[in-house]
2 protein chains.
Amino acid sequence: MTNIEKTDEIFQHFEKYIKLSSLLRKELANRIVLKSFKKGELIHNADTICKKSYFIQKGLIRTYFIKDGKEITEYFSAENEWVNSPRSFIQQQLDIYYLDALEQSECLCLNLQDLGFLFDHFPEMERYARLSMGTVFGHYMDRITSMRFTTAKEKYQHFCETYHEIYHRIPLGMVSSYLGIAQETLSRIRAEK
Amino acid sequence: MTNIEKTDEIFQHFEKYIKLSSLLRKELANRIVLKSFKKGELIHNADTICKKSYFIQKGLIRTYFIKDGKEITEYFSAENEWVNSPRSFIQQQLDIYYLDALEQSECLCLNLQDLGFLFDHFPEMERYARLSMGTVFGHYMDRITSMRFTTAKEKYQHFCETYHEIYHRIPLGMVSSYLGIAQETLSRIRAEK
DNA sequence: CACAACTTTTGACCTACATCAAAAAATCAT
DNA sequence: ATGATTTTTTGATGTAGGTCAAAAGTTGTG
């Protein structure tokens with residue numbers, strides 16, 4: 001099977017930030033591996049250092065950690081986004097985050113060595129990483145603002161807006177831990193209109 | 001005046017992430033401009049697109065925005081950190097953030113064109129940006145966790161830990177808006193021990 | 001040094017949301 | 001399907017921390 005079809009979306013994603021030379025396309029395509037995950041499958045375990053980064057072609061992945069024995073959602077990642085355990089992957093150290101698939105998911109997987117090769121030989125890859133992190137950064141700033149100064153209801157509305165493609169695909173309890181509000185409160189909010 | 005003395009800290013900062021060639025050192029030193037700000041001085045106004053990035057050698061800078069007529073602190077930046085209006089600077093668009101000096105401050109200033117030149121000619125600068133953003137990213141993740149699941153008291157304790165070099169240099173009202181708690185509540189927390 | 005302008009503290013009251021508990025509904029496995 | 005497990009809803013109650021208001025303390029300035 002040629003790699004051409006399966007790399008469409010990811011190439012488009014790169015080209016939001018940089019121009020892809022045909023050589024870089026080839027090198028990327030050679031290194032990307034398609035991985036499928038079943039619903040509920042654990043993708044990354046916090047007891048290991050994260051060695052892989054996943055570009056989601058289809059599906060929904062949750063990043064979570066354990067606090068007082070309960071799973072707390074850090075965020076959700078969906079189509080056309082990269083997901084990994086960020087600090088673990090970047091700094092190659094342990095971190096608290098687990099990843100699992102909330103739906104049957106298809107991911108393009110790039111491992112650390114291959115990514116390192118690309119960074120070493122294609123400065124535009126470094127640029128891509130820098131610029132795309134800038135985008136994510138902005139989302140984080142918005143989220144922090146939303147956490148600080150909004151009621152539970154506004155938090156939920158903000159969530160539905162930012163995740164409007166996927167919010168209905170996620171169990172209530174995971175949303176409530178993501179927002180930092182009690183599941184009962186979220187249930188009541190949803191009931192009222 | 002030669003540039004050598006004044007670039008010590010910033011070079012050290014770069015070298016946490018990359019090796020600086022002597023050529024890059026020279027190019028950096030030629031482009032860096034020392035800027036002083038008086039206490040209270042506005043460094044960046046939200047009505048303009050951010051064109052400069054500041055590395056703080058000495059002093060304390062606040063990033064804030066206006067909500068309902070009140071200044072809300074986004075974060076504080078101190079010695080050996082870069083500060084700018086991130087989305088505005090990276091994407092060259094307007095954003096809501098203002099920067100001002102909470103103390104008399106000395107900054108090494110690098111403007112967008114010069115930084116662009118360095119990114120274009122020194123791939124290791126791209127790498128530096130990517131890696132150092134990774135560090136800041138981790139702090140943001142921690143902060144979001146702290147916002148969601150902690151009492152006001154714990155938030156303040158977490159703040160004192162992460163900002164332990166500077167927390168006593170910051171007016172109470174600015175800390176309370178940073179933490180998203182009422183100034184009166186913070187005052188009571190501080191009183192109790 | 002005295003008056004003005006902030007900043008912080010203290011007090012009284014109130015509400016949004018957490019917690020605990022149990023019922024209802026949905027999902028899953030045999 | 002049908003009982004078991006998981007998820008969501010509903011109800012009752014408690015409290016952390018918000019809001020409003022005023023006093024006390026601090027800092028700056030002519």
Side-chain angles (χ1 to χ4, degrees), chain A residues 37-42 60 62 64 66-73 76 98 100-104 144-160 163 166-193, chain B residues 37-42 60 62 64 66-73 76 98 100-104 144-160 163 166-193:
Chain A
F37 299 102
K38 282 178 294 206
K39 179 172 178 171
E41 188 173 347
L42 194 67
L60 188 52
R62 170 178 66 143
Y64 68 97
I66 309 280
K67 182 187 158 76
D68 307 329
K70 290 170 72 178
E71 298 178 355
I72 307 293
T73 300
F76 305 100
Y98 298 77
D100 69 358
L102 297 187
E103 302 174 351
Q104 202 301 80
I144 288 174
T145 301
S146 170
M147 304 287 316
R148 272 187 297 186
F149 300 107
T150 58
T151 62
K153 186 176 180 177
E154 288 166 332
K155 284 189 182 79
Y156 180 63
Q157 287 168 341
H158 181 258
F159 169 78
C160 291
Y163 280 104
I166 54 172
Y167 74 94
H168 52 280
R169 289 148 62 183
I170 305 171
L172 187 81
M174 293 181 185
V175 176
S176 72
S177 76
Y178 170 82
L179 294 175
I181 64 185
Q183 173 168 329
E184 296 91 329
T185 302
L186 186 54
S187 173
R188 281 181 250 264
I189 287 167
R190 255 190 351 184
E192 75 188 40
K193 67 159 192 181
Chain B
F37 298 102
K38 281 177 294 206
K39 180 174 179 171
E41 190 174 345
L42 193 68
L60 188 51
R62 170 179 65 142
Y64 68 97
I66 309 281
K67 183 186 158 76
D68 306 329
K70 291 168 72 177
E71 297 177 356
I72 307 293
T73 300
F76 305 100
Y98 298 77
D100 69 357
L102 297 187
E103 301 176 350
Q104 201 305 90
I144 287 173
T145 301
S146 169
M147 302 287 317
R148 272 186 297 186
F149 299 106
T150 58
T151 62
K153 186 175 179 175
E154 287 166 333
K155 285 189 183 78
Y156 180 64
Q157 288 168 340
H158 181 258
F159 169 79
C160 291
Y163 280 104
I166 55 172
Y167 75 93
H168 53 280
R169 290 148 62 182
I170 303 172
L172 186 80
M174 293 181 185
V175 175
S176 71
S177 76
Y178 171 82
L179 294 175
I181 63 184
Q183 173 167 327
E184 296 91 327
T185 302
L186 186 53
S187 173
R188 282 182 249 264
I189 287 166
R190 255 189 353 182
E192 77 189 37
K193 68 161 187 178

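Heavy atoms only: backbone and side chains are in, while hydrogens, waters and symmetry mates are out. Each chain gets a letter, A, B and so on, in the order its sequence line appears, and its residues count up from 1.
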message: Between V175(B) and Q183(B), does the side chain to side chain contact (heavy atoms under 4.5 Å, CB included) criterion hold? Intermediate values first, please.
response: CA-CA 8 Å; V175(B) 175; Q183(B) 173 167 327; over 6 Å; no
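- Applying the salt bridge (Lys or Arg N to Asp or Glu O under 4.0 Å) definition to pairs two or more places apart or across chains, none involves residues 170-186 of chain A.
- Between the C1' atom of dT8(C) and the CD1 atom of I170(B) lies a distance of 16 Å, rounded to the nearest Å.
- dC17(C) atom C1' lies 17 Å from atom CZ of R148(B), rounded to whole Å.
- Using a 4.0 Å cutoff on non-hydrogen atoms, no part of residues 171-179 of chain B comes near DNA chain D.
- For the pair E192(B) CD and dT8(C) C1', the interatomic distance rounds to 16 Å; values are reported in whole Å.
- Residues meeting the ring pair (Phe, Tyr, Trp, His ring centres under 6.0 Å) test with F159(B), sequence neighbours left out: Y163(B), Y178(B).
- If you measure from atom CZ of F149(B) to atom C1' of dT19(C), you get 15 Å, rounded to the nearest angstrom.
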- prompt: How would nucleotides 12-30 of chain D be written as a contact map, 5' to 3', with B for base contact, S for sugar-phosphate-only contact and - for no contact, using protein heavy atoms under 4.0 Å?
  reply: B----SBBBB---------
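- T151(B) is linked by a side chain to side chain contact (heavy atoms under 4.5 Å, CB included) to K153(B), E154(B), counting only residues two or more places apart in sequence or in another chain.
- S177(B) pairs by the side chain to side chain contact (heavy atoms under 4.5 Å, CB included) definition with I72(B), T73(B), not counting sequence neighbours.
- Looking only at side-chain heavy atoms (C-beta outward), F37(A) and Q104(A) stay at 4.5 Å or farther from each other.
- Here the side chain of T150(A) pairs a donor or acceptor atom with the backbone of S146(A) at under 3.5 angstrom.
- Between Y156(B) atom OH and dT8(C) atom P the separation is 11 Å, expressed in whole Å.
- The only option from R62(B), R169(B), K39(B), K38(B) that meets the side-chain hydrogen bond (donor to acceptor under 3.5 Å, both in side chains) definition with E103(B) turns out to be R169(B).
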